[in-house]
Amino acid sequence: TPPVAPFAISFDHEAARLEPEGPTLTRRMSDLEGLFADHEAWQAAVADGDPVVYRVQSSPVPEVDRELPQSITTIEPGTTGGELWMTKGHQHPNHQGEIYLGLHGAGGLLMYDGTRHEWIDMAPGTIGYIPPGWAHRSVNTGDEPYSFLAVYPGGAGHDYGWVLEHGMGARAYRTASGHELRPWS
Ligand code: F6R
Ligand code: ZN
């Protein structure tokens, strides 16, 4: 793929959209198999309408080495077996860094390097930095959609199997007063 020519991307903060548009990815509950601790609650949610959990909308910058793609993820509010709705989570196989910028709502950025986990509370204006080698998952901790912008190296790659194999170190649950992290189960 030849490098793309310079172009302007309009960042619609209010709508949490990038224009021009590249691919949009929709992740339904059925796409999150094996990720929630409560398998029966997950199955019930799939049977009960298989709701959209999150969408990822990208600008047209390709995911190839040396390019710098961006995307906006919007996670719907909700819980499954008490566990807050979240992204699948992945590791970048080439161990490259990434930044997230909080746009709307309240969320968390859970990171795990295989030994330690870290959590960053994400609010509008927060930049969460993901260092190379840290798997990452985003969580909606609020009761409205949570959106953030991601900017990452095009050659980073996305390894979803890593999370299925190693976990994320912790899980985020809804509590009466907000949310809490519990040890991986
Ligand atoms: C890109 C990145 C985000 C996520 C998006 C969806 O490297 O970290 O754009 O891809 O938030 O999460 P996943 O990819 O885990 O389904
Ligand atoms: Zn990433």
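In this chain, numbering begins with 1 at the start of the sequence shown. What you see is a predicted model, and the numbers here were worked out from it, not measured in a lab. Just so you know, ligand 1 is whichever comes first in the structure, and atom 1 is the first atom listed for that ligand.
Counting only N and O atoms by type, the side chains of Ser71 and Ser58 include no donor and acceptor under 3.5 Å apart.
Under the 3.5 Å distance criterion, the side-chain polar atoms of Arg28 are matched with a main-chain donor or acceptor of Asp50. Here the side chain of Asn140 pairs a donor or acceptor atom with the backbone of Ile75 at under 3.5 angstrom. Arg174 contributes a side-chain N or O that, together with a main-chain N or O of Gly142, makes up a donor-acceptor pair within less than 3.5 Å. Using a distance-only test at 3.5 Å, with no hydrogens or angles considered, a donor-acceptor pair links the side chain of His136 to the main chain of Trp134.
Arg55 CZ: 12 or fewer foreign heavy atoms inside a 6.0 Å radius.
In this structure, ligand 1 sits under 4.0 Å from heavy atoms belonging to Tyr54, Val56, Ser71, Thr73, Thr87, Lys88, Gly89, His90, His92, Glu98, Tyr100, His136, Phe148, Ala150, Tyr152, His158, Tyr160.
With rounding to the nearest 0.5 angstrom, the CG atom of Leu103 is 5.5 Å from the CD1 atom of Ile72.
If you look at the Zn ion (ligand 2), the protein N, O or S atoms less than 2.8 Å from it are His90 NE2, His92 NE2, Glu98 OE1, His136 NE2.
Two residues are said to be in side-chain contact when any heavy atoms from C-beta on lie closer than 4.5 Å; His158 and His92 meet this criterion.
A distance of 6.0 Å or more separates the ring centres of Tyr112 and His117.
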